[in-house]
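Take a look at the structure set out below.
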Amino acid sequence: MSKLEELIQELCPNGVEYKKLGEVAEIIMGVSPKGDTLNSNHGIEFHQGKSFFKDIYLGSSNIFSNKPIKFANIDSLVMSVRAPVGDINITKNKVCIGRGLCSINGSETILNKFIFYFIKQNQINLKKNSIGATFEAINSNQIKNFLIPLPPLEVQKEIVRILDTFTELTTELTTELTTELTLRKKQYEYYREKLFTFNDNVEWVTLGDIGTFIRGNGLQKKDFVTTGYPCIHYGQIYKYFNTSVTNNLTCINKELYNKLKKASFGDLIIAITSENIEDVCKSIVWLGNTDIAIGGHSTIYKHSQQPKFIAYYFQTNFFQVQKKTIVTGTKVIEVSPSKLSKIKIPLPSLEEQERIVKILDKFDALCNDLSIGLPAEIEKRQKQYEYYREKLLTFKEKQ
């Protein structure tokens, strides 16, 4: 019997109480003071929204005057209360927290680190309480009412000790694997650029010369249904897919499906709206058995070339350089299909296109396929860690 099992058997054999987080911890919601600032040189970092989790300091050495200031002290928990809800970390120094963040501090009955691990494990349950269709958020009452187990402190300490050790080992291993994967990706990118470098014997044409663009419209996340007709939302292109896809993730009803533009086997589906220039125009090849509906912020490219050859070309520096000259917008980046049609592309024979695709498919699988190689090993380690974390943080509720 492990030490943890012995402690549970001794201190809470009949289960543990579940308490509202607000009953056992202090919750402080961040605010964003407005008005003049004083250059006080106190070196206090100001964070709001995602900045705390990206180490982007929005206002170093600034203190806000004549407005309420909310602080998170050293070793406090800082959690995102706006998309993405539930991202949580531990402060290394005192920080001023703005909108989109809250600080959480335990009490004599619950450890900060225990709260940290529990929220990490149960972030999806916290998200269920969020409000907002396009921009999720959670308020102070919802955070305070979030249920958390309250095992004895000795049990909490042992769980934290185990998870700290396991986290360190998992992080060390995944860092090594990720470093190796990064090197492979750089090698992949090098060969991809080399394979798309042609001599004067290969003609360069525009995308409009060899195909047509069809812009989508009218698909929103609220339209998704459990079963129905296949569709792809432009956000899924960024988040879930790589170079090609054979199965849809979401469905819509027949009536809407009949109204929307559809991609057929071999068509490219291109996301033409993004938050940044680097990502806009990410494309995937549809290789499914049936036509699939697309919505706004996407366009379909129909052509008679090797589909993946064009998709891989969209990933090259040759394409990226041209793309940057046709983007519009600042906060929302867009590329119009009409401008995309003027992008130039090399056009070797179909046999040569097939040869290039076969080579790049192998590299692509090694770098991105979660079923083989390094990506699979990294995924395996992460799932193993999450499995044991869940086991350690799941308690029988005391009746």
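Computed from a predicted model, the values in this text were never measured in an experiment. Because only heavy atoms are used, hydrogens play no part in the values below, and waters and symmetry mates are left out as well, while side chains stay in.
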Q.
So if I apply the salt bridge (Lys or Arg N to Asp or Glu O under 4.0 Å) rule between Asp267 and each of Lys262, Lys302, Lys261, which one comes out positive?
A. Lys302
(Q) Could you tell me if Asp87 and Gln123 have a donor-acceptor pair between their side chains, going purely by distance under 3.5 Å? (A) yes
Q: Using the rule that two of Ile, Leu, Val, Met, Phe, Trp, Tyr join whenever any of their side-chain heavy atoms come within less than 4.5 Å, decide whether Leu195 and Trp204 are in one cluster.
A: yes
**Q.** Sequence neighbours excluded, every pair satisfying salt bridge (Lys or Arg N to Asp or Glu O under 4.0 Å) that has a member inside residues 319-345
**A.** none
Q.
My understanding is that only one of Tyr313, Phe318, Phe319 makes a ring-ring contact (aromatic ring centres under 6.0 Å, His included) with Phe196; could you say which?
A. Tyr313
Q: For side-chain contact (heavy atoms from CB on, under 4.5 Å), just list the numbers for Ile326 and Ile343, CA-CA rounded to whole Å, side-chain angles, deciding distance to a tenth of an Å, and then say yes or no.
A: CA-CA 9 Å; Ile326 61 173; Ile343 293 281; 3.9 Å; yes
Q | Any donor-acceptor N or O pair under 3.5 Å, side chains Asp364, Asn242 | A | yes
Q) Are Lys3 and Glu6 ion-paired here, with the side-chain N under 4.0 Å from a carboxylate O? A) no
Q) Are more than 12 heavy atoms from other residues, nucleotides or ligands located less than 6.0 Å from atom CZ of Phe198? A) yes
Q: May I ask you to decide whether Asp164 forms a salt bridge with Lys113, counting only side-chain N to carboxylate O separations under 4.0 Å?
A: yes
Q.
Between Glu351 and Arg355, does any NZ, NE, NH1 or NH2 come within less than 4.0 Å of an OD or OE carboxylate oxygen?
A. no
Q) Has the side chain of Asn89 got a donor or acceptor atom that lies under 3.5 Å from a matching backbone atom of Val78? A) no
Q. When rounded to the nearest 0.5 angstrom, what is the spacing between CD1 in Ile143 and CD1 in Ile104?
A. 6.5 Å
Q | Tyr238-Phe224 co-clustered via ILVMFWY side chain contacts under 4.5 Å | A | no
Q | pair Val16-Glu397: side-chain heavy atoms closer than 4.5 Å | A | no
**Q.** More than 12 heavy atoms of other groups within 6.0 Å of Asn199 CG
**A.** yes
Q | Atom OH of Tyr18 with >12 non-hydrogen neighbours under 6.0 angstrom | A | yes
Q) How far does CD1 of Ile148 sit from CG of Leu126, to the nearest 0.5 angstrom? A) 10.5 Å
**Q.** Atom OH of Tyr257 with >12 non-hydrogen neighbours under 6.0 angstrom
**A.** yes
Q: Indicate whether any N or O donor in one side chain lies under 3.5 Å from an N or O acceptor in the other, for Gln315 and Thr243.
A: yes
Q. Is the shortest heavy-atom distance from the side chain of Asn258 to the side chain of Tyr229 under 4.5 Å?
A. no
Q | Neighbour count >12 (heavy atoms, 6.0 Å) for atom NZ, Lys127 | A | yes
Q: Check whether any side-chain N or O of Thr91 sits under 3.5 Å from a backbone N or O of Lys94 as a donor-acceptor pair, and report yes or no.
A: no
Q) For the side chain of Gln320 and the backbone of Phe314, is there at least one donor-acceptor N/O pair under 3.5 Å apart? A) yes
Q: Please report the C-alpha distance between Ile294 and Leu260 in whole Å, then the side-chain angles of each, then the deciding distance to 0.1 Å, and finally whether the side-chain contact (heavy atoms from CB on, under 4.5 Å) criterion is met.
A: CA-CA 7 Å; Ile294 71 161; Leu260 297 179; over 6 Å; no
Q.
Once you measure the plane-to-plane angle for His303 and Tyr301, does it fall in the parallel (<30°), tilted (30-60°) or perpendicular (>60°) bin?
A. parallel
**Q.** Donor-acceptor contact below 3.5 Å, side chain Thr174 vs main chain Ile378
**A.** no
Q. Roughly how far, to the nearest 0.5 Å, is the CG atom of Asn248 from the OG1 atom of Thr290?
A. 7.0 Å
Q.
Could you check whether any side-chain N or O of Gln353 sits under 3.5 Å from a backbone N or O of Phe309, counting only pairs where one atom can act as donor and the other as acceptor?
A. no
Q.
Could you check whether any side-chain heavy atom of Tyr188 comes within less than 4.5 Å of a side-chain heavy atom of Leu360, counting everything from C-beta outward?
A. yes
Q | Exam field: side chain Glu352 to backbone Ser349, donor-acceptor pair closer than 3.5 Å | A | no
Q.
Under 4.0 Å between a side-chain nitrogen and a carboxylate oxygen: does that hold for Lys358 and Glu354?
A. no
Q. Within the side chain of Asp223, is there an N or O that forms a donor-acceptor pair under 3.5 Å with the backbone of Gln220?
A. yes
Q) Checking side-chain contact (heavy atoms from CB on, under 4.5 Å) for the pair Ile232/Phe241: CA distance, chi angles, key distance, verdict? A) CA-CA 10 Å; Ile232 285 183; Phe241 301 129; 4.1 Å; yes
Q) What pairs meet the side-chain hydrogen bond (donor to acceptor under 3.5 Å, both in side chains) rule with one or both residues in residues 141-156, with sequence neighbours excluded? A) none
(Q) For Tyr117, run the side-chain contact (heavy atoms from CB on, under 4.5 Å) check against Ile162, Leu392, Leu111, Thr167 and tell me which one passes. (A) Thr167
**Q.** Neighbour count >12 (heavy atoms, 6.0 Å) for atom NZ, Lys362
**A.** no
(Q) One pair to check against side-chain contact (heavy atoms from CB on, under 4.5 Å): Ile270 and Phe213. What are the steps and the verdict? (A) CA-CA 10 Å; Ile270 307 163; Phe213 290 93; 3.9 Å; yes
**Q.** Test item: Lys308 and Leu287 side chains (from C-beta on) under 4.5 Å apart, heavy atoms
**A.** yes
Q | Within 6.0 Å of CG in Asn276, more than 12 heavy atoms from elsewhere | A | yes
Q | Rounded distance (nearest 0.5 Å) linking atom OH of Tyr385 with atom CZ of Arg381 | A | 14.5 Å
Q) Salt bridge between Glu189 and Lys186, side-chain N to carboxylate O under 4.0 Å? A) no
Q: Look only at the side chain of Thr316 and the backbone of Tyr312, and say whether a donor-acceptor pair between them is shorter than 3.5 Å.
A: no
Q: Check whether Leu268 and Leu340 end up in the same hydrophobic cluster, where Ile, Leu, Val, Met, Phe, Trp and Tyr are linked by side-chain heavy atoms less than 4.5 Å apart.
A: yes
Q: Report whether Leu183 and Leu177 are members of the same hydrophobic cluster (ILVMFWY, side-chain heavy atoms less than 4.5 Å apart, transitive linking).
A: no
(Q) Please determine whether residues Leu77 and Ile28 belong to a single hydrophobic cluster, defined as Ile, Leu, Val, Met, Phe, Trp and Tyr linked transitively by side-chain heavy-atom distances below 4.5 Å. (A) no
Q) Which pair of non-hydrogen atoms, one from Ser298 and one from Ile269, has the smallest distance, and what is that distance? A) CB-CG2, 4.5 Å
Q: Please check if the side chain of Ser341 supplies one atom and the backbone of Ser338 the other of a donor-acceptor pair under 3.5 Å.
A: yes
Q: Could you tell me the separation between the NZ atom of Lys221 and the OG1 atom of Thr250, rounded to the nearest 0.5 Å?
A: 10.0 Å
Q: Can you measure from CZ (Arg389) to OG1 (Thr394) and round to the nearest 0.5 angstrom?
A: 11.0 Å
